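To keep things clear, I will list the structure first and then write my remarks on it.
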Amino acid sequence: MRFTVSTWNINSVRLRIDHVLRFLAEERPDVLCLQETKCPDDAFPLKALRGSGYEHVVFAGQKGYNGVAILSRHPLLTRAVMSFCERADARHISAVLGPEAGRAAGIVLHDFYVPAGGDVPDVGLNPKFAHKIDFLDALRAWGGRRVSGPAILVGDLNVAPLEHDVWSHKQLLDVVSHTPIETERLETLRGEAGWIDAARLLTPEPEKIYTWWSYRSPDWAAANKGRRLDHAWVSPDLAGTVRGVTVARHARGWDRPSDHAPVTLALEL
DNA sequence: ATGGTAGCAGGGCTA
């Protein structure tokens with residue numbers, strides 16, 4: 001049984017609900033996890049999803065910023081939200097796939113939106129960067145020992161951990177998202193908990209992988225100065241089932257796009 | 001510690 005989970009920083013789910021529907025129609029993932037929905041819960045565009053085949057929806061939003069959501073073709077058993085750093089920011093949601101999901105039943109899905117961290121990579125000068133580092137440390141504490149059972153963690157982690165996750169390793173070493181303080185933290189917490197970076201299983205370095213291209217580039221496709229900020233991790237139980245991770249780069253070229261492209265993890269269960 | 005563009009909200013913050 002093929003099972004797919006997509007993740008996409010949509011940068012306003014209300015503004016881009018048509019993009020969501022288009023992607024779902026094209027890709028038909030079993031599950032789509034969204035970040036930066038920028039949408040209070042009472043304004044989530046549920047009506048637009050009716051008839052799409054994605055009737056099982058959980059979300060945690062707030063006004064203007066952040067916000068995460070999980071859209072599923074299969075019933076979801078639970079909805080859980082964690083908060084980090086003593087903030088009410090909507091940066092995490094999780095759910096468990098119900099028995100109707102067949103061999104995927106019981107898989108735990110975690111959807112994360114890690115703080116971007118501002119512009120200056122100095123915890124003393126930039127409170128937003130300090131918050132990002134605190135968040136990563138909290139994530140490490142949450143992961144603790146090894147993750148048990150079948151689980152998938154996806155989201156916009158706002159860190160491009162490897163040399164070939166950015167267009168220029170040297171030029172970005174002092175740029176937030178690729179500084180050693182972030183990349184070492186992310187790799188350490190991932191390794192300690194036992195998560196596997198699914199995208200790099202079948203596409204190892206030095207092949208480049210990007211999932212985000214800045215809005216500020218006048219011609220993002222030609223410049224191709226991307227970064228891999230969006231991730232799909234699997235628990236050790238699922239490592240042998242990974243069949244690939246693909247980036248729907250073309251969606252970055254849609255009219256009024258998100259600055260992130262959707263990323264899809266495929267498993268054979 | 002540039003400026004470039006984008007979304008929300010309707011100014012300035014966040015990315």
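Numbers restart at 1 for each chain; the letters A, B, ... are given by sequence-line order, proteins then strands. Keep in mind it's a predicted model, so treat the numbers as computed, not measured.
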Query raised in the report: Where each residue is assigned the nucleotide of DNA chain B containing its nearest heavy atom, which of A:Leu125 and A:Gly64 is assigned the position nearer the 5′ end?
Result: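 Nearest nucleotide further toward 5': that of A:Leu125.
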Query raised in the report: Starting at the 5' end of DNA chain B and moving along, which residue's nearest nucleotide shows up first, A:Asn158 or A:Arg256?
Result: A:Arg256
Query raised in the report: Are A:Asp137 and A:Arg185 within salt-bridge range, i.e. N to O under 4.0 Å?
Result: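 Yes.
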Query raised in the report: Would you call A:Asp197 and A:Arg228 a salt bridge, taking side-chain N to carboxylate O under 4.0 Å as the test?
Result: yes
Query raised in the report: Counting any heavy atom closer than 4.0 Å, what does A:Arg91 reach on the DNA or RNA strands: base, sugar-phosphate only, or nothing?
Result: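 Sugar-phosphate: the residue A:Arg91, judged by heavy atoms under 4.0 Å, touches backbone atoms but no base.
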Report task. Could you tell me how the ring of A:Phe135 sits relative to the ring of A:Phe84: parallel (under 30°), tilted (30 to 60°) or perpendicular (over 60°)? Result ->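 Rings of A:Phe135 and A:Phe84: tilted, 30 to 60°.
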**Report entry** Under the ring-ring contact (aromatic ring centres under 6.0 Å, His included) test, residues paired with A:Tyr113 that sit two or more places apart
**Finding:** none
Query - Close approaches to DNA chain B from residues 113-121 of chain A, in residue order (heavy atom, under 4.0 Å) - result: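 Residues of residues 113-121 of chain A that come under 4.0 Å of DNA chain B are, in numerical order, A:Tyr113, A:Ala116, A:Val120.
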Query - Members of residues 218-225 of chain A that approach DNA chain B, where some heavy atom sits under 4.0 Å away - result: none
Query - Given A:Arg227, A:Arg200, A:Lys208, the one that forms salt bridge (Lys or Arg N to Asp or Glu O under 4.0 Å) with A:Asp165 - result: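 Going through the options one by one, the only one that passes is A:Arg200.
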Query raised in the report: Strictly by modelled atom types, are A:Trp213 and A:Asn224 linked by a side-chain donor-acceptor pair under 3.5 Å?
Result: yes
Solution key, residues 94-110 of chain A side-chain donor-acceptor pairs under 3.5 Å, sequence neighbours excluded:
unit_1, atom_1, unit_2, atom_2, d
A:Arg103, NE, A:Leu269, O, 3.2
A:His110, ND1, A:His92, NE2, 3.0

Query raised in the report: Along DNA chain B, 5' to 3', what are the outermost nucleotides having an atom less than 4.0 Å from a heavy atom of chain A?
Result: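 So the contact region on DNA chain B extends B:dA1 to B:dA15.
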Whole-angstrom distance between [N] and [M], as gauged at atom [atom1]:
{"N": "B:dT14", "M": "B:dA9", "atom1": "P", "answer": "15 Å"}
{"N": "B:dA15", "M": "B:dG4", "atom1": "C1'", "answer": "13 Å"}
{"N": "B:dG7", "M": "B:dT2", "atom1": "P", "answer": "23 Å"}
{"N": "B:dT5", "M": "B:dA1", "atom1": "P", "answer": "22 Å"}

Query raised in the report: Do A:Tyr210 and A:Trp220 have ring centres separated by under 6.0 Å?
Result: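 That pair fails the under 6.0 Å test.
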Query raised in the report: Is there a donor-acceptor pair closer than 3.5 Å between any side-chain N or O of A:Asp89 and the backbone N or O of A:Arg91?
Result: no
Query raised in the report: Does A:Thr4 use its side chain to pair, donor to acceptor, with the backbone of A:Ala266 at less than 3.5 Å?
Result: no
Query raised in the report: Taking only residues at least two apart or on different chains, which pairs with a member in residues 169-192 of chain A satisfy ring-ring contact (aromatic ring centres under 6.0 Å, His included)?
Result: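 Only A:His169-A:His178 qualify under ring-ring contact (aromatic ring centres under 6.0 Å, His included).
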